[in-house]
Protein chains: 2
Amino acid sequence: MQANLPHLQSIFTADCVIFGFEEGELKVLLIERNEYPFKGWWGLPGFFVEHNETIDDAVERILYEHTGLRDIYMEQLYTFGDLQRHPQGRVITVAYYAMLRLEGLTSLKPGTDYVRQAVWHPLNKLPDLAFDHHNIIEKSISKIRKKISYSPIAFELLPEKFTLTQLQQLYEAIWDKKLDKRNFRKKMLNYNILKELDEKQRGVAFRAAKFYRFDKRKYAKVFGNELNFS
Amino acid sequence: MQANLPHLQSIFTADCVIFGFEEGELKVLLIERNEYPFKGWWGLPGFFVEHNETIDDAVERILYEHTGLRDIYMEQLYTFGDLQRHPQGRVITVAYYAMLRLEGLTSLKPGTDYVRQAVWHPLNKLPDLAFDHHNIIEKSISKIRKKISYSPIAFELLPEKFTLTQLQQLYEAIWDKKLDKRNFRKKMLNYNILKELDEKQRGVAFRAAKFYRFDKRKYAKVFGNELNFS
DNA sequence: GATGTTAGTGTAAAAAATACACCCTATATT
DNA sequence: AATATAGGGTGTATTTTTTACACTAACATC
């Protein structure tokens, strides 16, 4: 594709799909590539896995180098190994995903020349992407939809303190579907994994909403075991 | 570990976790290795992925070479890349799993010298296994437990025609838990994905049970969409 | 025809899910 | 000060789903 392609450093890489939620919208973290192939394109943070590091370590390192984000718990999504996914030959990539609270994470500083900038993009208006990254993002979304059905990963995407409306909007964004306010609240509160705080919203031009916090201990009790059949 | 280790042909492999169900018991397909490392040990069918084949193709080829099994739909489970999982250095392995009807699959013929024999082993008395294969099997089981909660993959593990009791025993084996017969039947029949056949068991020393068949079309309608929230 | 073994069935009670509409309250506007 | 605006917050009746629970039916064998 381009003259001065770098040598392949290994035949497998790790990619990160980082989701964030802000203003009722799901976003994904993309980087602008500063290196061939796909120089100048947007893509997922991702790079070669070194020979002496585990994949888990690699993906953490790569995310940090590309975006400055640290200590993000990522889960493995899928491994992609199509023959044409990389223009320089078959490169297998292990994709990981994570969900983040988007408060205060607006300015991201890449720590490598391979990346020009890292920017949150709304999921419903993504640019063209390098490699098969569109495909990887698709797969992540469908995994998240399933997962949120039986485990409240949603909390990862919200600030520490959140209102029930924010929580509901998040579910609505992930499922792309309106939910009933009263039923949603009833169900959520019945799980008993939310802790009501004394605090309220401030400076809003309408009745202020109560803040809630997610109770990790209770969560483990409720969702630690499998779904029930009988 | 051993003198004449073969050269590493690539740094990643694909492993197969094949589950079968027979006589109320879950089984997994293991091979006896005829090659270092772990010559003489039991392990999962697995081998190197060639440079010009997709992982999906590789895993299908490997399963065939190791066991003679063909046209088995396998799903990707997880990619394992710990530094110590292979004695010759870091080898990344992509594990796939599948579930099979165990009728008539008793005699398996390996087609490669790497494998001495392929044998079904009951899940609850596995021998010591090569590499991290115990770990891989563990992870497969927990995936199956989750998956069966929201999609009836159980049918893959039963013969074409099965009785409701067989179906129930399968669920009980996967969940390691007794279920109520009446409730189980009611629920299963209510899904409307079973077709009652005219046929009955024959030659059994007690009241013969009706056979059922799994209706794929109806299944897609019922389980095609996600779990519901509101 | 007695025995043993699994197949097959119903109902009442409890729990969960759903559909649905109005008043509350903090600010902004006039 | 009165009013408008916009989201916050709540209850109930109905339906659906889940659960707990025990006996008779059918068939082969002795």
Side-chain angles (χ1 to χ4, degrees), chain A residues 21-25 148-152 158-159 161-173 175 177-213 221-223 225-230, chain B residues 23-25 148-150 152 158-159 161-173 175 177-213 222-223 225-230:
Chain A
F21 184 70
E22 203 175 38
E23 293 154 26
E25 214 176 30
I148 206 174
S149 312
Y150 57 85
S151 108
L158 289 176
K161 301 169 186 174
F162 50 84
T163 68
L164 288 179
T165 300
Q166 284 169 347
L167 185 58
Q168 181 175 343
Q169 282 171 346
L170 175 53
Y171 274 83
E172 289 175 343
W175 275 327
K177 184 179 169 183
K178 285 276 163 216
L179 302 175
D180 178 83
K181 183 158 65 161
R182 276 178 293 191
N183 293 340
F184 179 85
R185 282 160 184 250
K186 205 188 312 173
K187 189 159 177 174
M188 270 297 155
L189 294 173
N190 267 353
Y191 282 145
N192 251 318
I193 54 175
L194 295 184
K195 193 179 150 101
E196 185 180 329
L197 304 180
D198 283 336
E199 223 172 324
K200 284 188 177 185
Q201 287 180 314
R202 315 177 100 226
V204 284
F206 42 80
R207 179 172 175 182
K210 271 185 223 151
F211 282 120
Y212 287 80
R213 182 141 39 78
K221 274 187 206 158
V222 178
F223 291 93
N225 21 20
E226 308 300 332
L227 288 188
N228 55 326
F229 192 90
S230 150
Chain B
E23 293 154 25
E25 217 176 28
I148 205 175
S149 312
Y150 56 85
L158 290 175
K161 300 167 186 177
F162 51 84
T163 68
L164 288 179
T165 300
Q166 286 169 346
L167 186 58
Q168 181 176 343
Q169 282 171 347
L170 174 54
Y171 273 83
E172 289 176 343
W175 275 327
K177 184 179 173 185
K178 286 276 164 218
L179 303 176
D180 178 83
K181 183 158 64 158
R182 279 178 290 192
N183 292 339
F184 179 83
R185 284 163 183 250
K186 205 188 315 172
K187 191 159 177 173
M188 268 298 154
L189 293 175
N190 266 352
Y191 282 145
N192 251 316
I193 54 173
L194 296 183
K195 194 180 150 101
E196 186 181 329
L197 303 180
D198 284 336
E199 225 173 323
K200 283 188 176 185
Q201 286 181 315
R202 316 178 101 227
V204 285
F206 42 80
R207 176 171 177 182
K210 272 184 225 151
F211 282 120
Y212 287 80
R213 182 141 41 76
V222 179
F223 291 94
N225 20 19
E226 308 301 333
L227 288 188
N228 55 326
F229 191 92
S230 149

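Each chain gets a letter, A, B and so on, in the order its sequence line appears, and its residues count up from 1.
- Side-chain atoms of Gln168(A) do not come within 3.5 Å of backbone N or O of Phe184(A) as any donor-acceptor pair.
- Taking atom NZ of residue Lys178(B) and atom P of nucleotide dC21(D), one finds them 17 Å apart after rounding to whole Å.
- In this structure, CG of Asn183(B) is placed 14 Å from P of dT9(C), rounded to the nearest angstrom.
- Atom-to-atom, CD of Gln201(B) to C1' of dG8(C) comes out at 13 Å; the value is rounded to the nearest Å.
- Going from atom CE of Met188(B) over to atom P of dT9(C) covers 16 Å, rounded to whole Å.
- Between the side chain of Lys186(B) and the base of dT11(C) there is at least one donor-acceptor pair of N/O atoms closer than 3.5 Å.
- Dashed line: the shortest gap from a side-chain N or O of Thr165(A) to OP1 or OP2 of dG7(D) is not under 4.0 Å.
- Put simply, CD on Gln168(B) is 13 Å from P on dT6(C), counting in whole angstrom units.
- A centroid separation of 6.0 Å or more is found between the aromatic rings of Phe162(A) and Tyr212(A).
- The shortest distance between the side-chain N/O atoms of Arg185(A) and the OP1/OP2 oxygens of dG9(D) is below 4.0 Å.
- Atoms CG (Leu189(A)) and P (dG11(D)) sit 12 Å apart, rounded to a whole Å.
- Ranked by how close their nearest DNA chain C nucleotide is to the 5' end, Arg202(A) and Arg182(B) are led by Arg182(B).
- Contacts of Thr163(B) with the nucleic acid, taken as non-hydrogen atoms under 4.0 Å apart, are absent.
- With hydrogens and angles left out, the side chain of Arg207(A) and the base of dA26(C) share no donor-acceptor pair within 3.5 Å.
- With Lys210(B) as reference, Glu196(B) is the one residue of Glu196(B), Gln201(B), Glu199(B) to meet the side chain to side chain donor-acceptor pair (under 3.5 Å) rule.
- The CG atom of Asp180(B) sits 11.5 Å away from the NZ atom of Lys187(B) when rounded to the nearest 0.5 Å.
- Phosphate proximity of dG8(D) to Lys210(A): absent, as no side-chain N or O sits under 4.0 Å from OP1 or OP2.
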